2 protein chains.
Amino acid sequence: MPVFSRFLRYFMAVAQHGSIRKASDELHIAASAIDRQVLQGEKILGTQLFERLPSGLRLTTAGELLLTSCRRWSRDLNALQTQLDNLKGLRQGSTDILIPDALTKGFLPTLLGKLRQTHPGIMVSIHVRKSHDMGELLVKGHADFALMFNPGHMRELTVRTHKEIPLGFVCLPSHEIAGLDEARFSLAAEYPMIVPAPPLALWRPIGVLEAETGVKVATVAKADNIQMIKSMVLEGAGVGILSYLDAYDEVQKGQLAFTPITNRKLPPLTLALCVDRSRQLSTAARFIITEIENFFAEQF
Amino acid sequence: MPVFSRFLRYFMAVAQHGSIRKASDELHIAASAIDRQVLQGEKILGTQLFERLPSGLRLTTAGELLLTSCRRWSRDLNALQTQLDNLKGLRQGSTDILIPDALTKGFLPTLLGKLRQTHPGIMVSIHVRKSHDMGELLVKGHADFALMFNPGHMRELTVRTHKEIPLGFVCLPSHEIAGLDEARFSLAAEYPMIVPAPPLALWRPIGVLEAETGVKVATVAKADNIQMIKSMVLEGAGVGILSYLDAYDEVQKGQLAFTPITNRKLPPLTLALCVDRSRQLSTAARFIITEIENFFAEQF
DNA sequence: AGCTTTTGCTCTCTTTTTGCGAACGCACCA
DNA sequence: TGGTGCGTTCGCAAAAAGAGAGCAAAAGCT
């Protein structure tokens with residue numbers, strides 16, 4: 001059990017999402033359990049922390065009070081943790097990381113590059129694996145943590161952080177769509193599309209979306225390789241459908257534009273940072289994880 | 001479970017007492033359970049929090065760091081609790097309190113007197129009972145909390161606060177002993193003594209002390225009434241052996257002097273604030289309890 | 001209006017965590 | 001050399017927490 005009580009952790013998640021079920025998704029804890037903790041916490045503090053609306057939970061002023069304290073405590077704890085790490089001389093160590101092929105380009109190399117400069121003593125070993133192999137390797141202790149898409153709920157694993165990766169249209173910056181802040185999926189019928197094919201993970205949600213909405217995608221090309229799709233878009237062959245992560249590099253460089261698709265039916269694509277529930281993380285691993293968490297919090 | 005995690009609560013107790021077993025006595029939790037939490041906490045934080053000495057546990061610098069944070073968090077929580085109380089308009093309510101006869105004079109009336117002025121809306125009902133009856137009344141819900149001496153461990157009760165009450169010599173301010181900061185029990189052989197008799201609770205520990213040390217107390221008078229003993233001391237009849245609590249009033253007024261006895265063999269006399277473990281305290285009760293806790297922390 | 005979806009909450013069952021008490025090893029002290 | 005006090009370990013029982021299905025109510029959608 002982490003330093004703070006279950007109640008505080010659950011409370012923060014619920015306060016952030018305004019909904020027990022959302023918090024349940026993030027924490028990978030049953031909604032009923034979270035509900036009970038919140039109720040019990042309110043009883044202990046003797047105050048209603050949330051007002052119950054049909055749309056979810058909204059903080060009362062009492063709840064806001066507690067939340068601000070919680071935030072401060074969390075920051076304190078983080079600061080304390082790094083103080084402790086510095087105290088015992090964290091400047092060296094090694095970590096084994098599992099990542100899917102999709103992350104071999106993009107933000108992760110950039111992040112690790114910076115890390116090498118600030119903390120040259122830490123060595124990271126990258127292992128590129130299929131998502132479904134990662135769980136086993138993690139449990140066997142062959143790696144400290146894994147970044148994986150849409151992780152199935154394994155009892156032995158815990159999701160420390162997770163991030164919704166927006167799906168969207170990728171086009172040249174000069175294209176009309178590039179001007180939009182967000183786009184409806186029906187646009188896929190109006191422009192020439194270059195779409196992912198199996199075994200790419202993106203193929204699934206796009207297929208689902210097509211079936212659910214009835215939109216007939218104007219497919220002009222398919223490819224089972226992300227880089228191939230991007231290259232074709234760069235050549236002006238059409239508009240790609242990719243995740244933000246796939247296009248991250250080119251978007252940063254201004255070569256491509258990314259416009260997220262807004263659709264209720266869109267199955268979420270989440271990138272999760274998973275660890276073995278029962279294992280103790282090394283200081284180096286913990287450090288890298290917090291770096292990644294910070295990046296998630298800032299960048300996206 | 002209270003707002004903070006078990007680990008933090010146990011850690012603070014251990015840090016304060018420098019010993020797991022002492023903390024165990026205070027928290028009324030088995031030492032093994034506390035040990036496990038501390039060990040686990042150290043594992044989670046990845047740092048040794050205590051150095052293990054044969055005499056007990058001493059905080060490492062890392063531990064000190066955590067402790068200061070803990071202290072701040074506790075203060076935050078207290079402040080927050082009163083903010084919440086104010087928010088929902090605590091200025092009224094009622095509490096039922098169980099006390100032993102020994103507390104009908106001394107600090108408690110004074111404390112409650114002040115309270116009446118600052119919070120006139122709160123009504124306290126005092127019930128004077130024998131210690132062994134209090135547990136049952138508490139469990140039955142006839143009172144919110146009880147102040148009792150040397151409470152036996154009842155499963156249904158929890159000790160929220162407890163205070164060691166020093167045993168010592170009570171004499172006129174002009175007496176030689178009054179000049180000492182602390183006194184050895186052997187002094188009881190050198191001055192005329194006025195000692196408590198059964199059924200006073202103090203009779204027991206003094207008897208034990210007499211047997212253990214072999215000191216022959218120069219008893220000139222016995223009484224089964226605290227007030228009687230004090231009156232005789234005031235008349236110059238001898239030196240009394242009483243608890244600090246018994247003499248509190250006269251010491252405050254400067255009429256008597258109190259000198260604590262230092263002796264390893266002295267069975268501790270503790271005054272405990274007990275509540276029903278499963279019951280939810282009213283805001284008024286909680287408020288009064290924190291007032292008493294504050295008094296304990298300051299005054300003694 | 002009728003439908004599905006989403007919400008918090010409750011219930012029962014299973015798993016995990018925690019507490020307890022006895023025992024162990026160690027260091028100190030008389 | 002026993003006794004004392006210390007932290008720690010272990011097995012077992014009890015308490016707490018999680019899982020998952022199901023409920024009523026409200027909102028949004030068709």
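A, B, ... follow the sequence lines: proteins, then strands. Residue 1 opens every chain. Given the structure is predicted, the values throughout are model-derived calculations rather than measurements.
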* Atom-pair distance (CG on B:Asp25; C1' on D:dC6), nearest Å -> 13 Å
* Identify which nucleotide among C:dG19, C:dG8, D:dT8 has an atom closest to any side-chain atom of B:Ala30, counting heavy atoms from C-beta outward. => C:dG19
* Send over the distance from A:Phe50 CZ to C:dC9 C1', rounded to a whole Å. => 15 Å
* Should we say atom CZ of B:Arg184 is surrounded by more than 12 heavy atoms from elsewhere, each under 6.0 Å from it? -> no
* Asked: How is B:Tyr10 classified with respect to the nucleic acid when contacts are heavy atoms under 4.0 Å: base, sugar-phosphate, or nothing?
  -> sugar-phosphate
* Check: C:dG21 base within 3.5 Å donor-acceptor of B:Ser32 side chain -> yes
* **Close side-chain approach of A:Trp73 to A:Leu8, heavy-atom, < 4.5 Å** => yes
* Asked: Nearest-Å distance, CZ (B:Arg21) to P (D:dT9)?
  -> 13 Å
* Rounded interatomic separation in angstrom, taking CD from A:Glu51 and P from D:dA26 -> 16 Å
* What is the distance from NE2 of B:His17 to P of D:dG7, rounded to the nearest Å? -> 12 Å
* Structure fact -> Which of B:Thr61, B:Leu65, B:Leu39, B:Leu66 passes side-chain contact (heavy atoms from CB on, under 4.5 Å) with B:Leu49? Answer is B:Leu66
* Asked: So does A:Arg52 get a side-chain nitrogen or oxygen closer than 4.0 Å to the phosphate oxygens (OP1/OP2) of C:dC9?
  -> yes
* Asked: Under 4.0 Å between a side-chain N or O of B:Lys22 and OP1 or OP2 of D:dC6?
  -> yes
* Asked: Do the ring centers of B:Phe4 and B:Phe11 come within less than 6.0 Å of each other?
  -> no
* Asked: What are the two closest heavy atoms between B:Ala23 and B:His17, and how far apart are they?
  -> CA-ND1, 4.1 Å
* To do: Show the numbers, then the answer: is there a salt bridge (charged side-chain N to carboxylate O under 4.0 Å, His left out) between A:Lys140 and A:Glu136?
  => CA-CA 6 Å; A:Lys140 282 187 180 169; A:Glu136 194 185 340; 3.1 Å; yes
* **CZ (B:Arg71) with more than 12 external heavy atoms under 6.0 Å** => no
Between the protein and nucleotides 13-16 of chain D, which nitrogen or oxygen pairs come in under 3.5 angstrom?
none

* Structure fact -> Scoring nucleotides 25-30 of chain C by protein non-hydrogen atoms under 4.0 Å (B base, S sugar-phosphate only, - none) yields --SS--
* Are A:Lys22 and A:Glu164 close enough for a salt bridge, meaning some N to O gap below 4.0 Å? -> no
* Structure fact -> Rounded to whole Å, CG of B:Leu27 lies from P of C:dT18 at a distance of 15 Å
* Which whole-number value in Å describes the distance from A:Ile20 CD1 to C:dT6 C1'? -> 13 Å
* Separation of atom CD in B:Gln48 from atom P in D:dG7, rounded to whole Å -> 14 Å
* To do: Run the salt-bridge test on A:Asp144 and A:Arg286 with the 4.0 Å N-O cut-off and return the result as yes or no.
  => no
* Select base, sugar-phosphate, or nothing to describe what B:Leu39 touches, counting heavy atoms under 4.0 Å on all strands. => sugar-phosphate
* With DNA chain D as reference, determine whether A:Ser55 or A:Ala33 sits nearer its 5' end, using the nearest nucleotide of each. => A:Ala33
* Reckon B:Leu53 touches a base, only the sugar-phosphate, or nothing at all at heavy-atom distances under 4.0 Å? -> nothing
* **A:Thr161 side, atom OG1; A:Glu26 side, atom CD - distance, nearest 0.5 Å** => 8.5 Å
